[in-house]
Amino acid sequence: MAHSAPEKASAPPDPAAGVVENAAPSGDHAVAIDNDEKGYVETTADQDPSRLGKSDAGVADNEEKASEHAIQPTKSYATNTSGVTRTDSHVDRPVEPKPWYKQLNPLRWGGIPPVPQQRTMSREYTAGFFSLVYFQWVAPLMVVGYKRPLELKDIWTVNPNRTAERMTLKLQASFKKRVARGDKYPLLWSLHETFQLEFWIGGICQFFANIFMVVSPFTLRYLIQFATEAYIAQRNGDPAPPIGRGIGIVLGITFMQMCQSLGTNHFIYRGMMIGGQSRAVLISVIFEKAMSISGRAKAGGREIDEGDEPEKANRGGVEQKKKSKKTKKGEPPVGADAGRGIAGDGTGWANGRVVNLMSVDTYRVDLASGLFHMIWTAPIACIVTLVLLVINLTYSALAGFALLVIGLPLLTEAVKSLFVRRRAINKVTDQRVSLTQEILQAVRFVKFFGWESAFLKRLGDIRDQEISAIQVLLAIRNAINAVSMSLPIFASMLAFVTYSLTNHDLNPAHVFSSLALFNSLRMPLNLLPLVIGQVTDAWSSVQRIQEYLLCEEQDDEAKIDMDAKNAVDVEHADFTWERTATQDPDAAPMVGKKPTKEEVKAEKAEKRAMKDKNSQDAVPSGDSTPDDASTLTDAREPFKLQNLNFSIGRNELVAVIGGVGSGKSSLLAALAGDMRKSKGDMVLGASRAFCPQYAWIQNATVRENIIFGKEMDKDWYKQVIDACALQPDLDMLPQGDATEIGERGITVSGGQKQRLNIARAIYFDADFILMDDPLSAVDAHVGRHIFDSAILGLLKNKSRVLATHQLWVLSRCDRIIWMEEGRIYAVDTFDNLMKNHPGFQLLMETTAVEEKQEAQEDDSEDEIEEEKKTVKKKRGGVPLMQAEERAVKSVPWSVYVDYIRASGSVFNAAIVVMFLLLAQGANIATSLWLSWWTSNKFGYSKGVYIGVYGALGGIQAVLLFAFSISLTMFGTIASKTMLNRAITRALRAPMSFFDTTPLGRITNRFSRDVDVMDNNLTDAIRMYFLTLAMILSVFGLIIAYFHYFTIALVPLFFLFVFSAGYYRASAREMKRFEAVLRSHVFAKFSEGLSGTACIRAYGLKDRFVKNIRDSIDDMNSAYFLTFANQRWLSTRLDIIGNLLVFVTGILVVTSRFSVSPSIAGLVLSYILSIVQMIQFTVRQLAEVENGMNATERIHYYGTQLEEEAPLHTVEVRKSWPERGEIIFDNVQMRYREGLPLVLSGLDMHVTGGERIGVVGRTGAGKSSIMSTLFRLVELSGGSITIDGLDISTIGLQDLRSRLAIIPQDPTLFKGTIRSNLDPFSEHTDLELWSALRQSDLVSEDASLDDKSPGRIHLDGIVEDDGLNFSLGQRQLMALARALVRGSQIIICDEATSSVDMETDEKIQRTIATGFKGKTLLCIAHRLKTIINYDRICVMEQGRIAELDTPFALYERGGIFRSMCDRGGIRKEDFTDYNQDI
């Protein structure tokens, strides 16, 4: 269901359509880098202002800025990014006196207003009646915006009547009531109830505006009649009618126009506000629901009656919904429209789909509310118009009207076909965006393997498909537009021709009044299909949201009994995960579905079971069945925990052990309330904290991540920090614990993440603490420290459950729960297990040695990160994430020129303009011909007049079509070229770019901005030029006949230009703030979604909900002001337009004797149709600018990003590197300019085929060696040669494709196993298969063609991030990838840090056999793994401290020896020693 971009108004209104308010969110994060000459303002590069003031390490100048700009430290627990928008505004600079001619603008006089200290409340709340009518209350803000760029502080906070909190509570109350009553559409009606007052005020305004809109053209008839009588009287010398009558009519028309403009403006304002508010409310309730939806609903199953067997539920029959038990939200007793997809279809509500509800569906509701009332007012207006036309032209009018009535349904049908096409395009767009996202997420990886071109080709293919589909869509759309714009012309032609042929004389009064009436039909008729489209879209969105809100909620499975004896009692309980939703690959990507991992583990458990004597019930499926069947077979049972019986005392430490996939994590998840209990009882006697295996880190400061919403308690906090060994890390961070962590915890290493995770659980001070393998990612000595001082220290009086692979901890636990295949195999103390269970003794013996090794898994986490930190510390805390560049002046001309160039050539613009001029000329000619015909200027026969009139009309339609099709074709070609340039350039950017740019910002450019360029930009340009041409030609026409009009036009024109500029100055900034603030809402939303398990286990739902509501209010504070801003402009421009009407009317009255009435009629009918267009032009110009903003950002990526070295330089021989000899010669390297050296003078000679282990403390520069070999970072000095070739001289592609790497975090891409092993399809299936077999992913006897479910095979599907494989399998897959590559040099980066012993041994075996005779550099995590390599290199602060054979180093006594001692490695472990003996 994922539609990426909201189907934007697929049939855009025509220019005459007046008030089409397309307040599409256009400039999401409007940005561009700070070139001074562009007038860019550099944003102080700190993601979070609220920290600036607080940060202890803030350097003096930071403090100054902070005091000026720091936003009130809004407490936020998700992204505190509100600082992106802080601009160092021009205020700080001394103002130079300007020459006199630059001071002519009186509005710039007076001082520049200061930035307020804090944000004030929206003035709408207190404004008086007239201020509200004319939107005068926005003016103070416009004044500030005109004198200097707006700052966030200038933007008023949201009107207290419109806060998310207030409206959400109202909506929820109403929704609950209606659901309980069993209403048919509860969500729709509760929205109506929440907003009814404002909603209907808008409706009434629109109704009256429409009536006036129809009546004023009709009144023209009397004005023209007056002019005609005067003209004839003048010719015949009769007394002329009194001038007062004419002036009275003019005043009347002007008054009606005024009322109509105010009515329309208020209708649009109310509509927009309701849209914005309902969007806010819906986002808020969707988020709240996401916090409490049950796992089953999330997986797309549905509640079952107690009696139903689960099988049926899994297939999700609709019928069961009918009898569903009520849940907390109270499901309707009879299915609320249960028939349609209350997802039992297994699509489920993966995070991707929920984010989609939040971003796309709520946006559609927003869009549709804007013009909703047109649905009923437009038909009424049409009927009234028809009546008046019949009065004017008798029954001839019906001929013209019939054409409209027949034409419209046909057009509407055509528009519907567009929706179908758009849906298809959206699927393609989704594919492109998710592929882009995947590539960017794993960009380091793509670079290691040199796969950029393969991915670019894949992207290019999708993009070609997308663009050609878009071109077809736009062509059809243009045809529809050309027809719909010409319909009123043809209708009026038909009517006049019929009128003339039925022996009537063409009377100017009747003809031109009718022409004006036909023109006034234009707007309702064109908008109607658009509005109907929007409303149907919104309707399906509302139903989708409602379906989500009606999903079952997670009841906490446990009974809470705080006085119970134990912390938790579990009796005869079964728990189950949900099946993964069956997935259509095009459907929403399933994001991180936990069950898949568990299912995979379950499969692995069977392997164990085979070895285990008590496995009578093992699944007979061949011996090793790791699998990825979760996506392939529907019938697979999800992983279950069966018949659990145990209790955990109030201060007991219980370890949970078992092989991979035995259900350890599941047991903890069950205790945390994440799994569904299918029978039995669980009683919780304590508050709980949960520390999951995958640490969920928020984009907030370190401190906020640890306190997690508790009050700050300094002493306790300090103890926690010490217990988790975080103090040294905090000292390294630039701002200590006020340092902000990037999104998804990107700026901290795995071990640090895990420790933060533990610290959070401890600080929360709950009585029952669940820890899922928290020691896996940390070094052994740190693990020991945490175990002693945290788990056995601070937590000693709490109840603790610890799932673990680290067997050394077992002897210190009170009891041990041993899991096998989802059942508890044994629960007992360590000593009893050692006595009574031979299996357990065996387990402990295999680890007797390991106990020691584990200890010295020497200290190496992901140092790249670490180094970055040490380094940063020294620079006085420069924040990591670069603030987004934000353009402050309008888009420079060079971007427009480049846009035109990208379409093929600069001459394309000329072609488009030519078509436009011709079309406009034909339009004016048609009307002039009509006026000559009514006054029979040339004396031709009726037939000639009719013939020419028809021909001109036809030509006009054709030219219009030619204009718009040429424009869209060139536009889409340009968009394709520019995106291609941008994405290529982005992939070629050095790693430092990705390290300092949040991923969301990059993907935003490649999704949102590209969408704007593809779909909205050409439309905006087309409408802008059409309306502009129309207005200018009408003015030309009027001036040709009424020269005095010039006198009125000049001042009004200046007023017009001026108010438009005035408006744009603040509107642009407003839009930008809105865009930036919106991205915060999105970030918080998706962050909260990914952390639901954590938030739930900690019971912090309410705080996160409040949080998201606050950021919604922040977003709306700017969003609502943009509407008021537009209406302010519209009311002002309409006044100007109405003055033009007045002037024209007066001119017609005063020159009634000299100008023929048929010309007067023509001019009057035109000027009426143009009033609406004037403000439309201004808004279209703003739209074009917004669209060009997107272009500018894409253009920036395509031209300004720095690039890595070229992919190919010199020819490199096919066989290189033959020996794999590597020579490091005085290598120096730093990560970015201005940072200290990370490697300083590294000398090492690795002979071909040698195996070297690299060890060293965190931050010693181990991973940096790898980065230099692959040239992810260029050297600052020295050289590296491989087999005699200096690697800095050859192309990156040549270099990277000849080396192989087994990275630390194995990355898999969505696709198949084949595409993951071999994206370029360079190898045969047999080669791939043997690599899988060597890496032990498939058993020896499995055949290549065996595709039975539960087997790994080459066409097996890989989900996002490979989440349907366990970590161990992904690690083995990475190994297979290196094997397939068959390179002579292999670099292995801590490849075994996150797997259990068994997998580790497999990997080591494979490395030993599969890579025989090749050069192997292994950055080691567990000393035991490299103890028998040829040589060991010990790194210390970027230099080599020791380098020799392992035994020699051991004997020598030094760093390596101390590591061995710490890790309990004895002489006997070295092969050399044994040989000596």
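Computation of the quantities below employed the complete heavy-atom set of this structure, encompassing side-chain atoms and omitting hydrogens, waters and symmetry-equivalent molecules. Throughout, numbering of the chain's residues begins at 1 and tracks the sequence.
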Which of these passes salt bridge (Lys or Arg N to Asp or Glu O under 4.0 Å) with E1074: R1078, K1071, R1072?
R1078
With the threshold set at 4.0 Å, does a side-chain nitrogen-carboxylate oxygen contact exist between D154 and R148?
yes
Once you measure the plane-to-plane angle for Y185 and W539, does it fall in the parallel (<30°), tilted (30-60°) or perpendicular (>60°) bin?
perpendicular
Is it the case that R162 and N1116 place a side-chain donor and acceptor less than 3.5 Å from each other?
no
Shortest non-hydrogen contact from M167 toward T194:
O-CG2, 3.8 Å
State whether the side chain of E1087 and the backbone N or O of N699 hold a donor-acceptor pair below 3.5 Å, judged by distance alone.
yes
Less than 3.5 Å apart, any donor N or O on the side chain of N265 or Y134 sitting next to an acceptor on the other?
no
May I ask you to check whether F287 and F1104 place their ring centers less than 6.0 Å from one another?
no
Can you say whether the rings of Y146 and Y1062 are parallel (under 30°), tilted (30 to 60°) or perpendicular (over 60°)?
tilted
Has the side chain of D1113 got a donor or acceptor atom that lies under 3.5 Å from a matching backbone atom of A164?
yes
Closer than 3.5 angstrom, by distance alone: can the side chain of K289 be matched with the main-chain N or O of C551 as a donor-acceptor pair?
yes
Can you name the closest pair of heavy atoms from V138 and A1124 and give their distance?
CG2-CB, 3.7 Å
Judged by atom type as modelled, is there a donor-acceptor pair below 3.5 Å linking the side chain of R1103 to the main-chain atoms of F708?
yes
Sole residue of R178, K176, K177 in salt bridge (Lys or Arg N to Asp or Glu O under 4.0 Å) with D183:
R178
Beyond-backbone contact of E1185 with R1064, side-chain heavy atoms, under 4.5 angstrom
yes
Quick check: closest heavy atoms across A280 and I1112, and the distance to 0.1 Å?
CB-CG2, 3.4 Å
Pairing donors with acceptors under 3.5 angstrom, does anything connect the side chains of R166 and T163?
no
For W1128 and Y1063, I'd like to know if the aromatic rings sit close, meaning centre-to-centre distance below 6.0 Å.
no
Check S1059 against L1133 and note the closest heavy-atom contact, atom names and distance.
OG-CD2, 3.5 Å
Do S292 and K1101 touch side chain to side chain, with heavy atoms closer than 4.5 Å?
yes
Before accepting this row, confirm whether a basic side-chain N of the pair K1106/E288 lies closer than 4.0 Å to the acidic partner's carboxylate O.
no
How many angstroms lie between OG1 in T1131 and CD1 in I1136, if you round to the nearest 0.5 Å?
10.5 Å
Could you report the tightest heavy-atom contact between F372 and V535, atom names first, then the distance?
CD1-CG2, 3.8 Å
With a 4.0 Å cut-off on N to O distance, would you call D1114 and R119 a salt bridge?
yes
Under 3.5 Å, is there a donor-acceptor pair linking the side chains of D361 and S541?
yes
Hey, is the main chain of D1134 close enough, under 3.5 Å, to the side chain of N1138 for a donor-acceptor pair?
yes
Is any side-chain heavy atom of S369 closer than 4.5 Å to one of S278?
yes
Quick one: does S131's side chain have a donor or acceptor within less than 3.5 Å of a partner on A127's backbone?
no
Quick check: do F1123 and I268 have side-chain heavy atoms less than 4.5 Å from each other?
no
Could you check whether the rings of W376 and F207 sit parallel, tilted or perpendicular, using 30° and 60° as the cut-offs?
parallel
Is the closest side-chain donor-acceptor distance between W200 and H192 under 3.5 Å?
yes
CD-CG distance between E1183 and N1189, expressed to the nearest 0.5 angstrom
11.0 Å
Test item: H373 side-chain N/O and F199 main-chain N/O as donor-acceptor pair under 3.5 Å:
yes
Any side-chain heavy atom of M272 within less than 4.5 Å of one from F1120?
no
What's the shortest heavy-atom distance between A290 and L1089, and which atoms?
CB-CD2, 3.4 Å
Can you check whether L132 reaches F129 side chain to side chain, under 4.5 Å on heavy atoms?
no
Quick one: does V281's side chain get under 4.5 Å of F195's, heavy atoms only?
yes
Quick check, are the ring centers of F135 and H266 under 6.0 angstrom apart?
yes
Would W137 and Y125 count as a close aromatic pair, with their ring centres under 6.0 Å?
no
Verify whether one side chain among N210 and T377 offers a donor that lies under 3.5 Å from an acceptor in the other.
yes
Got a donor-acceptor contact below 3.5 angstrom from the T1092 side chain to the G1088 backbone?
no
Assess the side chains of E193 and S174: does a donor N or O sit below 3.5 Å from an acceptor N or O?
yes
Using modelled atom types only, decide if a donor and an acceptor are shared between the side chain of T157 and the backbone of T120 within a distance under 3.5 Å.
yes
Using a strict 4.0 Å threshold on nitrogen-to-oxygen distance, state whether R544 and E547 make a salt bridge.
no
